Student: 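Got a structure here, written out as structure tokens. Questions coming.
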Amino acid sequence: MSGEKTVRVEHATAASRVGVAVLAVALIALAAAPAWTGRAELRLLSEVYAYLALASLWNLLAGYAGLVSVGQQAFVGLGAYLLFGLAMQVDLPPLWTIPLAGLIAAVVAVPVAWLIFRLRGAYFAIGTWVVAEVFRLGAAQVSALGGGSGISLPTDLVLSLASSRTMRELTLYWLALGLLVAILGAIFVLLRSRYGLALTAIRDNEPAARSNGVDAARIKLLVYVLTAAGTAMMGALIFLQKLRISPDTAFSVNDWTAFVIFIVVIGGIGRIEGPIVGTIVFFILRESFADLGALYLLILGVVAIAVMLLAPKGLWGPIADRLGWQLLPLARRVVLPPAPPAGAPPATPSSQS
Amino acid sequence: VGQYDRAGRAGGRALRHVRRRPVADLRRHAPGQHRPRRPDRAGGLSRARRHHLARHRPSRLAADRGAADGGHRLPLQRGILNYTLGDDLLPPLLVTFGLSIIIQNGLLELFTADSRKLNAGAIEIATIPVAQGLYIGVLPLLQFVLAVAVIAGLQLLFYRTALGRAFRATSDDQAVSRLMGLDTAHVFGLAMALSLAVVAVAGVLLAIRANFDPSIGPARLIFGFEAVIIGGLGSMWGTLAGGIILGVAQAVGSKIDPGWQLLAGHLVFLLILAVRPQGLFPKVQG
């Protein structure tokens with residue numbers, strides 16, 4: 001029907017136009033950060049990017065696909081160990097191993113998903129944790145990579161990144177920012193695609209989405225595999241910055257899952273803006289209270305419980321609900337054609353998305 | 001939510017008076033039949049299922065516990081966790097996660113990170129000779145007997161008492177249970193109290209058997225979860241079997257190589273998940 005052509009789906013809103021502009025300015029400022037900050041701040045910023053990427057990936061997994069995993073450290077550690085293994089045993093250049101780690105993690109994620117997708121809800125969550133434990137204990141058995149006590153990246157491999165210390169630091173900084181932008185970009189493209197429409201439908205009401213023909217199982221598998229790849233690449237990069245790896249740090253449930261979940265929940269789960277808000281809050285809390293030691297983690301726990309009880313949708317949830325703000329043009333609004341002349345058949349909204 | 005629960009409970013109480021007699025009359029149950037007195041041996045599942053709601057007379061439970069008003073009791077479940085109930089899995093998961101971080105770090109502040117052990121005295125090394133060169137440790141035997149006793153007690157509670165029926169009914173369908181007059185908020189509170197009591201017994205036994213420190217909990221939690229999945233959801237004796245399978249797997253693994261102790265347990269769990277995802281003796285659907 002020719003009338004269908006005139007039905008459009010609009011994504012952008014006034015808020016998202018401002019949001020995109022703000023993001024663009026922020027990106028340029030952050031890319032130029034080496035010009036206006038010192039060495040320590042660059043390191044902190046790299047860590048912020050790593051957590052923002054991990055949190056965004058977990059948000060996609062848990063917030064959209066409903067796969068509440070507490071075992072994403074499995075893929076952080078897998079990526080990190082792949083980087084060390086491929087660079088040290090196969091002699092690949094360290095930077096090349098990062099995309100390769102993502103690819104291998106995606107392949108590994110398929111049988112893992114086959115196994116743990118048999119579990120539902122809370123059992124799924126703890127099943128992912130068991131898988132991460134198996135990875136951790138397995139890594140401790142690889143004596144070529146230091147076994148249980150870990151190993152450092154050899155100096156010549158580190159020097160192969162760039163000749164001078166400044167250039168190495170800049171390479172790693174821009175790499176972290178670049179990988180973050182790539183991961184966020186991939187999530188944005190996914191959410192704008194028809195898979196994104198299906199994912200949003202699953203997020204809002206899974207039975208309803210399935211009754212409308214959404215193949216939830218297939219999309220969940222897709223999201224799980226993509227998330228594993230992204231998480232592994234970020235994991236590889238994190239440990240390329242740390243230069244030392246051990247099973248306990250690479251597969252740490254606290255560092256790579258508990259803090260990440262905290263960030264997403266504080267910011268607002270199921271929205272792309274949530275992890276951004278959460279990361280900012282998390283690092284403000286950490287930089288102000290980290291000196292308190294155990295007390296700092298106690299405060300973190302209290303904040304998490306308080307947010308969960310008082311604002312279950314996180315800090316961004318009420319803003320998005322009341323003001324309708326969105327940072328990126330992700331909303332879908334059907335724009336109907338102007339009213340047809342009297343007598344003409346009404347245009348039917350198409351299923352185009 | 002608190003307001004709603006209170007209103008709901010008051011409503012349940014009012015309803016009870018209204019329909020007590022008519023319901024009993026309609027069902028034409030002999031007085032003794034309200035409480036199942038015989039074990040659900042034949043075709044356990046279907047018998048148990050039928051007991052769930054068909055025979056269930058929730059007012060009985062309410063009457064048994066008298067005028068108990070749990071608002072000020074069971075503070076963990078009623079004060080915090082009941083606010084997170086619903087279809088969404090995340091809130092209870094995250095709140096308990098937050099609680100575990102608070103408790104772990106609180107313990108760390110109070111007791112430092114030092115490894116400790118409870119001293120039970122001479123019983124720790126006492127043994128019973130069984131045959132030439134074969135001894136059974138008194139303490140492990142005692143722990144096994146205690147575990148079997150606790151599971152037998154839970155089995156009795158779940159399948160023979162009004163409280164157990166209330167647990168199973170609430171687990172099956174919260175909304176219907178509330179409609180039947182059950183105060184589900186209180187049932188959740190009691191379930192949490194019961195589970196914490198059992199966990200505390202297990203914690204003391206573990207503390208006698210091996211070293212512990214504030215961060216030891218999560219690793220033990222995984223074993224408990226694996227035992228439940230191996231045994232099948234909802235089956236007490238299955239959980240015991242799961243625990244034994246896991247323990248034997250770890251013992252065999254540690255004989256092969258000390259590094260394989262935990263790995264062997266996890267691999268057996270994943271293997272069972274692959275070939276029999278519903279567990280060995282499932283009673284309820286996951």
Side-chain angles (χ1 to χ4, degrees), chain A residues 62-63 66 68 70 111-112 114-127 129-138 140-141 143 147-148 205-206 253-254 257-259 261-262 264-266 269-270 292-310 312, chain B residues 1 79-84 86-110 112-113 214-215 218-219 221-226 228-229 233 253 257-267 269-271 273-274 276-279 285-286:
Chain A
V68 179
V70 295
V112 170
W114 172 77
L115 206 54
I116 57 172
F117 276 27
R118 294 147 179 255
L119 298 169
R120 293 269 162 265
Y123 297 96
F124 172 83
I126 308 179
W129 189 7
V130 173
V131 169
E133 281 296 290
V134 170
F135 281 24
R136 180 176 71 84
L137 295 164
Q141 295 294 314
S143 50
N205 192 331
E206 191 177 333
V253 65
N254 267 348
T257 296
F259 290 156
I261 295 178
F262 174 87
V264 177
V265 170
I266 297 286
I269 191 166
L292 298 176
L295 208 59
Y296 150 69
L297 289 167
L298 239 140
I299 293 171
L300 222 55
V302 172
V303 171
I305 293 177
V307 169
M308 208 67 241
L309 294 180
L310 303 175
Chain B
V1 177
I80 300 176
L81 291 176
N82 272 356
Y83 291 90
T84 65
D87 290 336
D88 196 359
L89 161 76
L90 262 175
L93 197 75
L94 291 172
V95 168
T96 46
F97 217 79
L99 279 174
S100 84
I101 290 179
I102 291 174
I103 292 173
Q104 274 183 44
N105 287 286
L107 289 174
L108 193 65
E109 287 282 291
L110 282 174
T112 73
S215 61
L221 182 70
I222 283 198
F223 300 153
F225 155 79
E226 287 176 331
V228 170
I229 297 282
L233 295 183
D257 181 309
W260 274 82
Q261 183 184 357
L262 299 181
L263 202 54
H266 292 319
L267 290 178
F269 164 74
L270 291 179
L271 184 74
L273 192 59
R276 204 174 151 82
Q278 72 275 35
Q285 296 293 313

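Letters A, B, ... are given to chains in the order of the sequence lines, protein chains preceding strands, and every chain is numbered from 1. Computed from a predicted model, the values in this text were never measured in an experiment.
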Student: Check each atom of Pro218(B) against the heavy atoms of chain A and say whether the ones under 4.5 Å are side chain, backbone, both or neither.
Tutor: both
Student: Between Leu267(B), Leu263(B), Leu270(B), who has the most heavy-atom pairs with chain A when the cutoff is under 4.5 Å?
Tutor: Leu263(B)
Student: Which region of Ile269(A), side chain (C-beta onward) or backbone (N, CA, C, O), has a non-hydrogen atom less than 4.5 Å from a non-hydrogen atom of chain B, or is it both or neither?
Tutor: side chain
Student: Return the option, out of Leu108(B), Leu99(B), Ile222(B), Ile101(B), with the maximum number of heavy-atom pairs under 4.5 Å with chain A.
Tutor: Ile222(B)
Student: I need the residue from Ile103(B), Leu94(B), Leu221(B), Asn105(B) with the largest number of non-hydrogen atom pairs under 4.5 Å to chain A.
Tutor: Asn105(B)
Student: Under a 4.5 Å heavy-atom cutoff, which of Gly301(A), Ala294(A), Ala140(A) has the most pairs with chain B?
Tutor: Ala294(A)
Student: Nearest 0.5 Å please: distance from the CG atom of Leu297(A) over to the CD atom of Gln104(B).
Tutor: 9.5 Å
Student: Take Leu93(B) and Ile261(A) through the side chain to side chain contact (heavy atoms under 4.5 Å, CB included) test and state the conclusion after the steps.
Tutor: CA-CA 11 Å; Leu93(B) 197 75; Ile261(A) 295 178; over 6 Å; no
Student: Please classify the contact between Glu226(B) and chain A as side chain, backbone, both or neither, with a heavy-atom cut-off of under 4.5 Å.
Tutor: side chain
Student: Identify all side-chain donor-acceptor contacts of residues 131-138 of chain A below 3.5 Å with residues at least two apart in sequence or on another chain.
Tutor:
unit_1, atom_1, unit_2, atom_2, d
Glu133(A), OE1, Arg136(A), NH2, 2.9
Glu133(A), OE2, Arg136(A), NE, 3.3
Arg136(A), NH1, Asp248(A), OD1, 3.2

Student: Output the option from Leu119(A), Val130(A), Val307(A) having the highest count of non-hydrogen pairs under 4.5 Å with chain B.
Tutor: Val130(A)
Student: Does the side chain of Ile229(B) come within less than 4.5 Å of Ile126(A)'s, by heavy atoms?
Tutor: no
Student: Drop me the distance from Leu273(B)'s CG to Phe117(A)'s CZ, to the nearest 0.5 angstrom.
Tutor: 12.5 Å
